[in-house]
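We count ligands from 1, going down the list as the structure has it; atoms in each ligand are counted the same way.
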Amino acid sequence: MTSPSTIETTGLAVEVEDLSVRYGDRRALDHASLTLPAGSIIGLLGRNGSGKTTLLSTVAALRRPDSGRVLVGGQEPFENEKLMEQICLVRESGDVLPDERISTNIEYFATARPNWDDELAGRLLDVFELGARSRPRQLSRGQRSAFGVVLGLASRAPLTMLDEVYLGMDAPSRYAFYDLLLEDYVEHPRTIVLSSHLISELDRLLEHVVVLHEGSTLLTGDADELRGRGATVTGRAADVDQAVASLSDVTVLSERSLGATRQVTIIGEQDRLGPDVTGRVRDAGLELGPVELQDLFVHLTERKS
Ligand SMILES: Nc1ncnc2c1ncn2[C@@H]1O[C@H](COP(=O)(O)OP(=O)(O)OP(=O)(O)O)[C@@H](O)[C@H]1O
């Protein structure tokens, strides 16, 4: 069993083995297997309906597997009260008391969270301009999302899962959230899962990525390793076009132009770029950079559809 000090410093790992979950006849998860490594920020990516919420709900023991199993820190979460104190899932739907004041909601939430940090909660409420006396029912969608973020971060749960909560927030609030998340994570490492189908903003935060597609695991791995599977080629538009046209066995994932500069994202056969490709790009005097996870995600899920 994991000791409390290990939980504090590294968070809880999740092992999902051959997991299937059905809603009636509909199979939301179909023999999915994956690992969420302890002490990392993980992007759980997938198109609408791919099974992200179902997976997180099963990990948080809100649903029971139809077959297969989930282990959190080596233990099954279902009806495991002690373990549930260490797991925090914030869903876009809220899971708060809509007619009670924010301060009351916080008191209620904090009692079930041994690592709860009141000072952090207060700071986050200030950043997102949420009054302690207001009630969730009176908040806008974005403000309710921000309140979810407050509850998720201030819980400091060894396994914290935020299910698309931040999508309703406006850009300044989202960027404040990303900065605060990173700042707090560096001081208090834990396992943080961010689910989304919009990942370009999250890209820089992610250390590990899981892509679900139609209820199964399409891809899972270290984010840097995935970023290295393709490349961006940047330079003068004409030079980039000439270099990319000369590369055989390369697929273009996206193109962006700014004035005379062009950036093309490429990926090689079997999702690898050989040294011959990178060498030729460098020889042409062009800049080579990592691929954006969003481009890789769109490419992989489109190809599967
Ligand atoms: N309560 C439910 N009853 C019946 N089917 C459901 C229910 N909840 C989800 N599903 C189905 O299960 C599948 C997976 O849904 P899920 O909500 O887990 O996906 P998701 O990846 O979180 O989607 P989104 O990005 O749109 O939130 C979908 O096909 C969905 O229609």
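For atom 16 (P) of ligand 1, the closest non-hydrogen atom of the protein is T54 OG1, 3.7 Å.
For the pair A28 and ligand 1, the shortest N or O to N or O distance does not fall below 3.5 Å. Where the criterion is an N or O separation shorter than 3.5 Å, residue side chain and backbone included, G46 fails it with respect to ligand 1.
Using a 4.0 Å cut-off to heavy atoms of N48, the atoms of ligand 1 that qualify are 23 (O), 24 (P), 25 (O), 26 (O). Ligand 1 places these atoms under 4.0 Å from at least one heavy atom of R26: 11 (C), 28 (C), 29 (O), 31 (O). Every atom of ligand 1 with a heavy atom of R47 under 4.0 Å away is listed here by number and element: 21 (O).
R27 does not count as a contact of ligand 1, since none of its heavy atoms falls under 4.0 Å from the ligand.
When non-hydrogen atoms are compared, ligand 1 lies under 4.0 Å from the side chain of E164 (C-beta onward) but not from its backbone. Both the backbone and the side chain of K52 come within 4.0 Å of ligand 1, judged by heavy-atom distances.
Counting heavy atoms from C-beta on, the side chains of L62 and L89 come closer than 4.5 Å.
For the pairing with Y185, the side chain to side chain donor-acceptor pair (under 3.5 Å) check across R156, E207, R190 returns one residue only, E207.
For R174 and Y178, the positive end is not near the middle of the six-membered ring at less than 6.0 Å and at most 45° from its axis.
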